[in-house]
Amino acid sequence: MDRGALPRAVELAWGLDQPGTRGPKKGLSLEHILDTAIELADAEGVTALSMGRVAKALGFTTMSLYRYVASKDELIELISDRVIGPPPVIPDGVSWRVKLEAWANHEYATMLSRPWWLKLPITAPPTGPNNMAWLDAGLSALDGVALSAASKFQVVTNVSLFVIGRARFSADLASRSAQSADGDVAYGALIARVINREDFPYLSAAIDEGGFEDGSPEGEAAGDDAFDFGFSLGLLLDGIEKLVQRSGHQRGGTDVVDDQVGDQPTP
């Protein structure tokens, strides 16, 4: 691909283009702008992410920023990659499942550490260096697994989409609970008050049998959001494991997994 065909935000993120059409402003840099925008978002949320607010925090005019960042959309695209940082180190000597589980847990913790990131719009696939490093790390977890390159990409992408969706759900619920006086009302008890057994027989039975109470299907007590995330991630990994096993059988079972030890989800 011709270098000039790359979007400007991609070139800036990868250091392929130097910002500043009329020369750099003394005391200002793209990195300083992005870090200041992240600090503002940490303190005040995504509503603070305007060119004017960032410029004011830096002590420069808004026009000074446009030498480095062409628009608010470009600013958001750049910080959305910068803020996630580098991926975790994938552990050695364990199965692909344990590796991918560790990767997903780290992504989940990273998302929840910056709830405002979850409010940013996703308008295109990520292209920044940090996002690509995360993708590479996720794919490394599947090294040696009997899946095609396309299937590995789909697995990692779908695990990441699950993580982001679950993190958004968790962050939204936490935010609402903090603002609502009804945050402590048990969900099952609330639903039981508005449904009837005739119209909702299976839902009523689930409530009667404790299906809406915290805990695993085996009755173990749920600790916190991490338990719920781990349980749902385990279900997803179970499905991926079946895909790997089926693919291995189709290929003669020569390279199903890199290591059978630790195939079960970690506690």
Side-chain angles (χ1 to χ4, degrees), residues 1 3-88 106-138 157 160-161 163-179:
M1 178 184 293
R3 181 176 179 273
L6 288 174
R8 184 170 182 272
V10 175
E11 292 190 330
L12 289 175
W14 287 90
L16 302 177
D17 185 34
Q18 293 300 317
T21 58
R22 290 175 291 175
K25 189 78 171 178
K26 185 176 181 180
L28 199 57
S29 67
L30 178 62
E31 292 75 16
H32 194 189
I33 292 171
L34 299 183
D35 289 341
T36 300
I38 291 170
E39 290 172 4
L40 269 175
D42 284 342
E44 303 179 30
V46 293
T47 56
L49 292 178
S50 70
M51 298 292 279
R53 288 286 287 108
V54 175
K56 183 178 179 181
L58 287 163
F60 288 91
T61 66
T62 303
M63 290 306 298
S64 298
L65 266 63
Y66 285 111
R67 301 184 181 197
Y68 298 84
V69 184
S71 65
K72 176 182 175 180
D73 289 343
E74 188 172 273
L75 175 69
I76 289 176
E77 184 174 349
L78 291 169
I79 67 170
S80 67
D81 182 77
R82 188 174 180 85
V83 74
I84 63 173
H106 197 91
E107 183 182 18
Y108 188 64
T110 299
M111 297 295 96
L112 290 183
S113 70
R114 286 316 199 335
W116 59 264
W117 186 95
L118 297 165
K119 302 292 186 182
L120 298 178
I122 300 176
T123 58
T127 55
N130 282 331
N131 273 286
M132 293 303 97
W134 275 84
L135 177 58
D136 189 73
T157 299
S160 183
L161 289 173
V163 170
I164 294 171
R166 182 76 197 194
R168 281 182 166 168
F169 175 76
S170 180
D172 286 347
L173 282 186
S175 176
R176 187 183 186 283
S177 296
Q179 299 172 11

Looking at Trp14 and Met132, what are the two nearest heavy atoms and their distance?
CZ2-CG, 3.7 Å

With a 4.5 Å limit on heavy-atom distance, are the side chains of Glu74 and Leu78 in contact?
yes

What heavy-atom pair brings Met111 and Ala167 nearest, and what distance separates the two atoms?
CB-CB, 3.8 Å

Please find the pair of heavy atoms, one from Ala133 and one from Pro87, that lie closest to each other, and give the distance.
O-CG, 3.5 Å

side-chain contact (heavy atoms from CB on, under 4.5 Å) evaluation trace for Asp35 with Ile79:
CA-CA 8 Å; Asp35 289 341; Ile79 67 170; over 6 Å; no

Show your reasoning for whether side-chain contact (heavy atoms from CB on, under 4.5 Å) applies to Asp172 and Lys119.
CA-CA 10 Å; Asp172 286 347; Lys119 302 292 186 182; 2.9 Å; yes

Could you check whether any side-chain N or O of Ser160 sits under 3.5 Å from a backbone N or O of Thr157, counting only pairs where one atom can act as donor and the other as acceptor?
no

Between Asp81 and Asn130 (side chain of the first, backbone of the second, donor and acceptor by atom type, cut-off under 3.5 Å), is there such a pair?
yes

Answer whether the closest heavy-atom distance between the side chains of Asp73 and Thr123 falls below 4.5 Å.
no

So do His106 and Trp134 actually touch side chain to side chain, heavy atoms under 4.5 Å?
yes

Would you give the length of the straight line joining atom CD1 of Ile122 to atom OG of Ser80, rounded to the nearest 0.5 angstrom?
9.0 Å

With sequence neighbours excluded, residues passing salt bridge (Lys or Arg N to Asp or Glu O under 4.0 Å) with Glu107:
none

Give, for atom CZ of Arg168 and atom CG of Leu173, the distance between the pair rounded to the nearest 0.5 Å.
14.0 Å

Pairwise side-chain contact, Glu44 with Leu49, heavy-atom cut-off 4.5 Å (strictly under)
no

Criterion side-chain contact (heavy atoms from CB on, under 4.5 Å) on Arg82 and Glu31, from CA distance to verdict
CA-CA 9 Å; Arg82 188 174 180 85; Glu31 292 75 16; 3.8 Å; yes

Side-chain contact, heavy-atom cut-off 4.5 Å: Leu75 with Ile33?
yes

Hey, what do you get for CE (Met63) to CG (Leu65), rounding to the nearest 0.5 Å?
10.0 Å

Note: Ala13 and Gly128 closest approach over all heavy atoms is CB-CA, 4.5 Å

Sidechain-backbone polar pair: Trp116 side chain, Ile38 backbone, donor-acceptor under 3.5 Å
no

Supply the atom-to-atom distance Thr110 OG1 to Trp117 CH2, rounded to the nearest 0.5 angstrom.
10.0 Å

Could you walk me through whether Leu6 and Thr127 pass side-chain contact (heavy atoms from CB on, under 4.5 Å), step by step?
CA-CA 11 Å; Leu6 288 174; Thr127 55; over 6 Å; no

I need the minimum non-hydrogen distance between Ser64 and Thr61, along with the two atoms involved.
OG-OG1, 2.8 Å

Do Ser170 side-chain atoms and Arg166 backbone N/O form a donor-acceptor pair below 3.5 Å?
no

Taking the side chain as C-beta and beyond, is there a heavy-atom pair between Phe60 and His32 under 4.5 Å?
no

Over all heavy atoms of both residues, which pair between Thr62 and Gly52 is shortest? Give the atoms and the distance, please.
OG1-CA, 3.5 Å

